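For reference, the structure is listed below as structure tokens.
Source: prediction; values computed, not measured.
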Amino acid sequence: MKPEFISGIPAAKFTLPVAGRDHIQGPIEAPIALLEYGDFECSVCGEVYPVIKEIRRRLGDSLCFAFRHFPMTNVHPYAQRAAEAAEAAGAQGSFWEIHDLLFENQDALEDEDLARYAAALGLDVPRFMTDVLAGKYAWRVREDFKSGVRGGVNGTPTFFINGQRYDGARGLDPLLAALTQPIGW
């Protein structure tokens, strides 16, 4: 059987952050890797967003955090467009800035809102909106989604810690404990 590849990388590797492909905060060689499949319109993702920020603050350079898109379009009508907007901002060097704005403003994800966020970040708004409206980065969002499906993701947020799926509680203490203890849940 021929192995599946996504962007030239074996699909089986997609439960770990991939340098040069994923949106990553922290060093790729960090001893702890946390990968999130998320949806900008998902309320649970919105609730866990500040938890992840605090975990990143506490673990610093010992954590490599990566975010992948998994828009649940059947229940979140703005999720796909928000994910594509994040990619369009990323093309201008502002993925993480818009990532934060989208999670902090989950109730405002229409095109006008996206343009306002791009302007607030100092992006080239005409280029940003042209990219978003044309679906220029739809392929990238689809690629993330497909990698999630192949990895067993069926909802958001879904986390992988050092390549293994984490299905435990999403609060600060349990997630931090899972990240800092040997894997074996």
task = Test His69 against every option in His23, Arg140, Glu87 by the side-chain hydrogen bond (donor to acceptor under 3.5 Å, both in side chains) rule and name the one that passes.
result = Glu87
inquiry  = Using the side-chain contact (heavy atoms from CB on, under 4.5 Å) criterion, which residues pair with Thr73? Sequence neighbours excluded.
reply    = Pro71, Gln80
request  = Could you list the residues that satisfy side-chain contact (heavy atoms from CB on, under 4.5 Å) with Tyr49, not counting sequence neighbours?
outcome  = Lys53, His99, Asp100, Phe103, Glu104
ask   = Centres of the Phe70 and Phe40 rings: under 6.0 Å?
value = no
inquiry  = Under the salt bridge (Lys or Arg N to Asp or Glu O under 4.0 Å) definition, can you give me all pairs with a residue in residues 36-49, not counting sequence neighbours?
reply    = none
key: Nearest non-hydrogen partners of Ala89 and Ile98, listed with the distance   = CB-CG2, 3.5 Å
query = Can you list the residues that meet the ring-ring contact (aromatic ring centres under 6.0 Å, His included) rule with His76, with sequence neighbours excluded?
reply = none
key: Salt bridge flag under 4.0 Å for residues Asp167 and Arg165   = yes
Sequence neighbours left out, cut at 3.5 Å: what donor-acceptor pairs do the side chains of residues 116-125 make with other protein atoms?
unit_1	atom_1	unit_2	atom_2	d
Arg116	NH1	Asp113	OD1	3.0
Tyr117	OH	Ala108	O	2.8
Asp124	OD1	Arg127	N	3.1

remark   = In short, Val48 meets Arg170 closest at the heavy-atom pair CG2-O, 3.6 Å
inquiry  = Please enumerate all residues that pass side-chain contact (heavy atoms from CB on, under 4.5 Å) together with Ala88, with sequence neighbours excluded.
reply    = Phe128, Asp131, Val132, Tyr137
request  = Show your reasoning for whether side-chain contact (heavy atoms from CB on, under 4.5 Å) applies to Phe65 and Leu59.
outcome  = CA-CA 10 Å; Phe65 173 66; Leu59 295 181; over 6 Å; no
request  = Show which residues join Ile28 in its hydrophobic cluster (side-chain heavy-atom contacts under 4.5 Å, direct or indirect), or state none.
outcome  = Ile24
request  = Ignoring hydrogens and angles, state whether a donor on the side chain of Tyr37 or Ser147 is under 3.5 Å from an acceptor on the partner side chain.
outcome  = yes
request  = Supply the members, apart from Val44, of the Ile/Leu/Val/Met/Phe/Trp/Tyr cluster built from side-chain contacts under 4.5 Å; use none for a lone residue.
outcome  = none
inquiry  = Under the criterion side-chain contact (heavy atoms from CB on, under 4.5 Å), I'd like the reasoning laid out for Asn162 against Leu179: C-alpha separation, chi angles, the key distance, then a yes or no.
reply    = CA-CA 9 Å; Asn162 291 341; Leu179 287 162; over 6 Å; no
query = If you take all heavy atoms of Gly163 and Thr15, which pair is closest and at what distance?
reply = O-OG1, 3.1 Å
task = Verify side-chain contact (heavy atoms from CB on, under 4.5 Å) between Ile161 and Leu35, making sure each step is shown before the conclusion.
result = CA-CA 7 Å; Ile161 299 173; Leu35 170 64; over 6 Å; no
Shortest non-hydrogen contact between Leu102 and Ala82, atoms and distance = CD1-O, 3.6 Å
note = For Asn105, the side chain to side chain donor-acceptor pair (under 3.5 Å) test, sequence neighbours excluded, returns none
message = Determine whether Phe160 and Leu16 satisfy the following criterion, side-chain contact (heavy atoms from CB on, under 4.5 Å), listing intermediate values before the conclusion.
response = CA-CA 7 Å; Phe160 290 88; Leu16 288 168; over 6 Å; no
message = Which heavy atom of Tyr166 sits nearest to which heavy atom of Ala169, and what is that distance?
response = OH-O, 2.5 Å
message = Under the rule for side chain to side chain donor-acceptor pair (under 3.5 Å), what residues qualify as partners of Gln106, not counting sequence neighbours?
response = none
inquiry  = Quick test of your reading of the model: are Asp144 and Arg21 salt-bridged, counting only N-O distances below 4.0 Å?
reply    = yes
message = The criterion is side chain to side chain donor-acceptor pair (under 3.5 Å); which residues satisfy it with Arg58, sequence neighbours excluded?
response = Glu54
ask   = Can you name the residues that form a side-chain contact (heavy atoms from CB on, under 4.5 Å) with Pro31, not counting sequence neighbours?
value = Ser62
query = Given the rule that I, L, V, M, F, W and Y join up when any side-chain heavy atoms are under 4.5 Å apart, are Met129 and Val141 in one cluster?
reply = no
